[in-house]
Amino acid sequence: MEASVQFADDRGIRFRVIAVDRKWTYDGWIWLTGYVMDRHGNAIDRREIFVQRHGLYRFPKRTAT
């Protein structure tokens, strides 16, 4: 993941954002609050992460089957 070195190589995560902190940070960086998702799309852990905005990827919304 290009958002931060903490997610490099095989440490990338799928993250459902629930809040974006509005406080000042370094240019291009943001604090996100949300849930780490498992491969089935279930929330498994709530976390705050500090990431570079340009390195984030948006996944398409899941559709009901």
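Note that the coordinates shown come from a computational prediction; the quantities given were computed from them, not determined experimentally.
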Problem - Same apolar cluster: Y26 and W31, side chain cutoff 4.5 Å - result: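 Both belong to a single hydrophobic cluster.
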Exercise for the section: Verify the cluster assignment for V36 and L56: are they in a single hydrophobic cluster under the rule of side-chain heavy atoms below 4.5 Å apart? Expected result: yes
Exercise for the section: Any chance you could lay out the side-chain contact (heavy atoms from CB on, under 4.5 Å) test for T33 and V20, step after step, and finish with the verdict? Expected result: CA-CA 6 Å; T33 302; V20 178; over 6 Å; no
Problem - Minimum heavy-atom distance between T25 and I30, given as atom pair plus value - result: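 Here T25 and I30 meet closest at OG1-N, 4.2 Å.
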Problem - Heavy-atom pair with the smallest gap, counting every atom of F15 and R47 - result: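 Closest approach of F15 to R47, heavy atoms only: CZ-O, 3.5 Å.
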Handout entry: Within 6.0 angstrom of N42 CG, more than 12 heavy atoms from elsewhere
Key =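 Result for CG/N42: enclosed.
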Exercise for the section: Quickly, which of V17, I18, I44, I13 forms a side-chain contact (heavy atoms from CB on, under 4.5 Å) with Y35? Name it, please. Expected result: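 Only one of V17, I18, I44, I13 forms a side-chain contact (heavy atoms from CB on, under 4.5 Å) with Y35, namely I18.
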Handout entry: Sub-4.5 Å side-chain heavy-atom contact between D21 and L32
Key =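 Heavy-atom side-chain distance check fails, nothing below 4.5 Å.
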